[in-house]
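Everything below concerns the one structure shown next.
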2 protein chains.
Amino acid sequence: MPVTLRPGQALGLWRSVLLAQVLDDAPDLTTRQMAILLTIYLDPPPHTIRGLAAKLSVTKPVITRALDTMGAMKLVSRHRDEADRRNVLVRRTVEGSLFVETIGDTIIAKARDLPT
Amino acid sequence: MPVTLRPGQALGLWRSVLLAQVLDDAPDLTTRQMAILLTIYLDPPPHTIRGLAAKLSVTKPVITRALDTMGAMKLVSRHRDEADRRNVLVRRTVEGSLFVETIGDTIIAKARDLPT
DNA sequence: CGTATTCGTTTCGGGTCCGTATCAAGCTAG
DNA sequence: CTAGCTTGATACGGACCCGAAACGAATACG
């Protein structure tokens, strides 16, 4: 059973979730950072810099810098791959799981309250 | 009939729409810019700088700069209020309507293709 | 071995955004 | 007419992001 939205509903949902993020005290992540974060939390591991860059069609420095920022926020963590020490494996954190979960809750709540 | 989403669906929808924006050639708008744009296109006019700043709980320079950027992209336009020439009225544009409509289409498409 | 290749990071110059404070123009009331 | 308020724009210093290129470390391969 597909999820069916009318144009006004789709845009209204989008806006109310964005608005919740703007009103929140938490510093906004950029569109790219958010896409990276959700990829890490929704796609199965392992996640490498190169793999993330390919999935989003961005350059590697974009991933490195995004991980710097989100790492400082404790939303993700980095670890050397002991099997091939050139690789860096990106892992989830407790704080990041909570953060992503909260976003999901917001989307669900705003979708539920959508005018019919 | 409310729109019901499960956590995985909500986050998957959010990610796929963000991903579509990242992959698109169009330069990403910031979270705030997008929230401002959708407010202009979803809420009834007239829209003033002060009013938008209050609705989003941000300072006026944030609105001014966002309108500078989005104005350069032709997504919105500014006009003096002839009744009270201190005010600036923000109006929609044809390009902006198209842009917003495209976003709505993307959301609807991604929602339809969501796994059950 | 030693040379190539791969991986992630860093550097560079340039651009945008932020919050605070300040500004000029326009309105309003005494 | 003028003092005071409102409105939106601007200046400033600091922070972040971008793409391209160069970099060191680790691995692959002849």
Side-chain angles (χ1 to χ4, degrees), chain A residues 18-19 21-40 45-91, chain B residues 18-19 21-40 43 45-92:
Chain A
L18 287 181
L19 196 53
Q21 291 180 8
V22 170
L23 294 178
D24 202 335
D25 286 340
D28 297 349
L29 296 179
T30 67
T31 303
R32 290 173 171 204
Q33 288 169 346
M34 189 66 81
I36 293 168
L37 186 69
L38 290 181
T39 296
I40 294 168
H47 298 288
T48 65
I49 308 295
R50 177 190 72 268
L52 290 169
K55 255 178 208 168
L56 302 190
S57 283
V58 296
T59 59
K60 287 186 296 176
V62 168
I63 306 295
T64 292
R65 283 184 295 245
L67 293 183
D68 287 345
T69 301
M70 295 192 290
M73 300 180 194
K74 310 238 186 248
L75 299 180
V76 296
S77 67
R78 273 190 267 219
H79 305 271
R80 274 286 160 199
D81 180 355
E82 288 304 327
D84 182 343
R85 295 183 53 76
R86 287 174 302 182
N87 290 329
V88 165
L89 302 180
V90 183
R91 291 218 285 257
Chain B
L18 288 180
L19 196 54
Q21 292 179 7
V22 171
L23 294 177
D24 203 335
D25 286 340
D28 299 348
L29 296 179
T30 67
T31 303
R32 289 172 171 203
Q33 287 168 346
M34 188 67 79
I36 293 168
L37 185 70
L38 289 181
T39 297
I40 294 169
D43 282 359
H47 297 288
T48 65
I49 308 294
R50 175 145 193 70
L52 290 169
K55 254 178 210 169
L56 303 190
S57 285
V58 297
T59 58
K60 286 188 295 177
V62 169
I63 306 294
T64 294
R65 284 184 297 245
L67 293 182
D68 288 344
T69 301
M70 296 191 289
M73 300 180 193
K74 311 237 185 250
L75 299 180
V76 297
S77 67
R78 273 191 266 219
H79 304 271
R80 275 283 162 202
D81 180 355
E82 288 306 326
D84 182 343
R85 295 184 52 77
R86 287 174 301 183
N87 291 329
V88 165
L89 302 180
V90 183
R91 291 218 284 257
R92 304 164 185 170

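Chain letters run A, B, ... following the sequence lines, proteins first and then strands; every chain starts at 1.
- If you check C:dG8, D:dA26, C:dC27 against the side chain of A:Arg86, the one that comes closest is D:dA26.
- Put simply, NZ on A:Lys60 is 15 Å from P on C:dT5, counting in whole angstrom units.
- Closest approach to the A:Thr48 side chain among C:dG8, C:dC27, D:dA26 is made by C:dG8 (side chain taken as heavy atoms from C-beta onward).
- In this structure, CG of B:Leu29 is placed 14 Å from P of D:dC18, rounded to the nearest angstrom.
- Here the C1' atom of nucleotide D:dG8 and the CD1 atom of B:Ile63 are 11 Å apart, to the nearest Å.
- When the P atom of D:dA9 is taken as reference, atom CG of B:Leu67 falls 7 Å away, rounded to whole Å.
- Within 4.0 Å (heavy atoms only), B:Arg78 reaches sugar-phosphate atoms of the nucleic acid but no base atom.
- Rounded to a whole Å, the CZ atom of B:Arg80 is 12 Å from the C1' atom of D:dT6.
- Distance check: B:Thr69 OG1 to B:Leu29 CG gives 8.5 Å after rounding to the nearest 0.5 Å.
- With DNA chain D read from its 5' end, the first of the two nearest nucleotides for A:Glu82 and A:Thr30 is the one closest to A:Thr30.
- Listed pair B:Gln33 / C:dC17 meets the phosphate criterion, a side-chain N or O lying under 4.0 Å from OP1 or OP2.
- If you check C:dT10, C:dG8, D:dA9 against the side chain of A:Pro61, the one that comes closest is C:dT10.
- Going from atom CG of B:Leu67 over to atom CG of B:Leu75 covers 10.5 Å, rounded to the nearest 0.5 Å.
- Atom CD1 of B:Ile36 and atom C1' of D:dG8 are 14 Å apart (whole Å).
- Listed candidates were D:dC17, C:dT9, D:dG19. Nearest to the side chain of A:Thr69 is D:dC17.
- Candidate nucleotides D:dT6, C:dC18, C:dC7 were compared by shortest atom distance to the side chain of B:Arg32, and C:dC18 ranks first.
- With C:dA25, C:dC7, D:dT27 as the choices, the nucleotide that has an atom nearest any side-chain atom of A:Arg85 turns out to be D:dT27.
- For the atom pair CD1 (A:Ile63) and CZ (A:Arg32), the distance works out to 9.0 Å, reported to the nearest 0.5 Å.
- Heavy-atom contacts from other residues, nucleotides or ligands closer than 6.0 Å to CZ of B:Arg91 number 12 or fewer.
- In this structure, A:Asp68 atom CG and D:dC17 atom P are separated by 9 Å, rounded to whole Å.
- Map B:Asp84 and A:Asn87 each onto its nearest nucleotide of DNA chain C; the residue landing nearer the 5' end is A:Asn87.
- Atom CE of A:Met34 and atom C1' of D:dC17 are 16 Å apart (whole Å).
- Applying the 6.0 Å contact sphere to CZ of B:Arg50 captures no more than 12 heavy atoms from other residues, nucleotides or ligands.
- Within the 4.0 angstrom heavy-atom criterion, only backbone atoms of the sugar-phosphate kind lie near A:Thr59; the bases stay farther away.
- Within 4.0 Å (heavy atoms only), B:Arg65 reaches at least one base atom of the nucleic acid.
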